[in-house]
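Down below is the structure, laid out as structure tokens.
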Amino acid sequence: MSELRRILHVEDDPSIQAVAKVALEAVGGFTVLTCASGQDALDQIQGFAPDFILLDVMMPDMDGPQTLKNLRAIVDLSQIAVAFMTAKVQPDEIEYYRTLGALDVIIKPFDPMQLAAQVRRIWSQAYG
Amino acid sequence: MDEKTPPLSELQQHLQLLSAKFSERLKHELPELRGMAQALRNTQDPADRKQLLTRVREQLHKLSGSAGTFGFGTLGKQARELELQAVEWLEHLVKQEQGHSAFLDRLEEMTQQNFVMELNAASGQTVTAVSQAALNQRHIYILEHEVELGENLRQTLNNFGYIASHFASVEALDEAIREHMPDALIIESQGLEYAAKLQAQRNDALSLLVVAPQDDFSTQLQAVRAGAMGFFCKPLNFSQLENRLERCFAQQQGDPYRVLIVDDDLELATRYSLVLRGANMQVEIINDPAMIFAHMRDFNPEVVLLDVNMPTCKGPELAQIIRFNDDWLRIPIIYLSAETDIVRQMSALLKAGDDFVTKPISDNALIATVFARAQRARLLSNALSRDSLTGLLKHADIKDQLAVELERTQRKSSIASVVMLDIDHFKQVNDNHGHSAGDNVIRSLANLLRQRLRRVDCLGRYGGEEFLAVLPDCDAEQALRVLDEIRQRFSELCFLSKDGQFSVTLSAGIAMTRSADTAGELLERADRALYAAKHNGRNQVQLGG
């Protein structure tokens, strides 16, 4: 597995888009592409070639799990890490997201100073 | 912008800007949500209701996930609770059409609160000390045509943790002010006319400090008429000026008063809470008197409002229970009651309690009664527990705070760091530059610590030149980062005495809580770390083992 560099972030809330970009780029030193919807992610994933996909669960039109399913139909996700982001915290829900192919779930609200470390931890637990 | 600003500080400013934008967004979104709540209350059409409720739920979900990230943890927590209720209502929408007015009450109440950025303890996430300090930074504009003096002042204020900008002409200042209004303005006397015009256009006065070449009467009068809160002569004493600035802000922005309401009538309590929150107070409600201890400890109210007639426990009985605890003797207790019989009111007051408010009470009377009591209680408490030179807690009170924080970490299995901090070679400062210069150094360090630490951090003057800080939810590494930045900034401050300029350094030792620590052990470890820092050559911060 290569080094973690490029993160695709799919999120419809502009405030969260902006703060996550700062948190991942300025604090974590990653390259981030922000997509405002599942469709946006489907259109851009091939051009960006991410190492890591960060998916918001609840989005209008196409939600996070559906987006993941549709992404899998067009690209090989076996070499790409996936994590969901959501405000919900029931343990069985986290299990459910894992069965969809996500490595982990990042709970909102997140601390901008800690987000990059959380992502890195998920990555190294899976590939480290 | 300052080119020497380290990258971390730029990041802080960026995050601060994003939080400010989020706060702007709330100004539209909360009223929108309120509109939807009102529409939900009024609609009779099931299809409309479902559509509205779905939108309300989505909005609440967004807030519960985002607010905490931007420092609005209380809002996030409330939104989360309401979201769960909305989901439940959605699921039972078909069966149950009525009976959700309590949900709508709480929703409307949330949308009318005045949320402020805070430490994000509510969501269970730890906002680091560094990022939180960024949220409290204040912008200062300086007008000074002597470029070197202006730049020096800017650098000094930046070291204190303000974001200062310097302008050499009124035109440049005016342009910047049109773009962004600072929190305070430091202006040379030539700019007084401009400052007076600026003040006249504003509803609330801008904090204004004036710097003049000499202290003649007519310039001082002109300064007073322009609404100045401080007047300084050249050569400028930077630390005195900073001290005045700090006092301006402290007056302007005291923490909101904390009020605890104990009433079994939830509807009425919610109504009082709404009125008091409208007057910028922080309110918690309990309906079960047995919950009193947990709330007194965690919320630490400055005023308690007690209903006289509750089913399980009478108000005066509960007041006596509160008075059993010495720590709560200073907290004013106000009874709420329909009781108009003066004899029975007197007998309640004789048992315990300070005042009687008779229901129904007008909003203004309620606010005035609570405000007067809270203000007096806080003044008294500050006068008794704060050091007169620095305004920080005194030795015994900061030790009490340490014990309180330690108990909190053990109850919640969280962490805290304790910092012992000492000014290097302070005796020499007094000997070489005189005691008033020494006092100046101590006051400056106190102000710097207040600026750079978070509001939740406790800070006390432990001894002559020794300080103690307790930083909740902050691990040793984070504490080290913050303290080292403070150490660096303090060493860059320039003090003025009659023999010229001098600078001073500090040493600090940090200890992090362990599970079975006593306050004494924790202090001892911090003290040992401080000793190691001194022994190792001073001007440094050491972590204790």
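Any value given below was found using the heavy atoms of this structure, including those in side chains, with hydrogens, waters and symmetry copies removed. Chain A is the first sequence line, chain B the second, and so forth, proteins listed ahead of strands; every chain is numbered from 1.
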Open item on the list: I'd like to know whether CZ of B/R55 has more than 12 heavy-atom contacts from other residues, nucleotides or ligands below 6.0 angstrom.
Closed with: no
Open item on the list: Just to verify, what does A/F84 make a ring-ring contact (aromatic ring centres under 6.0 Å, His included) with, not counting sequence neighbours?
Closed with: A/Y97
TODO: With sequence neighbours left out, write down each residue that passes side chain to side chain contact (heavy atoms under 4.5 Å, CB included) with B/A479, or none if nothing qualifies.
DONE: B/S417, B/L471, B/C474, B/I510
Task: Any donor-acceptor N or O pair under 3.5 Å, side chains B/Q488, B/D484 - done: no
TODO: Flag the pair A/K108 / A/D56 as yes when at least one side-chain heavy-atom distance between them is below 4.5 Å, and no otherwise.
DONE: yes
Task: CD/B/Q112: more than 12 non-hydrogen atoms of other groups inside 6.0 Å - done: yes
Task: Contacts of residues 23-48 of chain A with chain B (heavy atom under 4.5 Å) - done: A/A26, A/V27
Open item on the list: Ignoring hydrogens, what is the shortest heavy-atom contact between B/Q451 and B/Y162? Give both atom names and the distance.
Closed with: NE2-OH, 3.2 Å
Open item on the list: Ignoring hydrogens and geometry beyond distance, is a side-chain donor-acceptor pair present between B/D45 and B/T43 at under 3.5 Å?
Closed with: no
Open item on the list: To check you understand the geometry: which heavy-atom pair defines the closest contact between B/M110 and B/A79, and what is its length?
Closed with: SD-N, 3.8 Å
Task: Residue-level interface, residues 6-22 of chain A with chain B, non-hydrogen cut-off under 4.5 Å - done: A/D12, A/D13, A/P14, A/S15, A/I16, A/A18, A/V19, A/V22
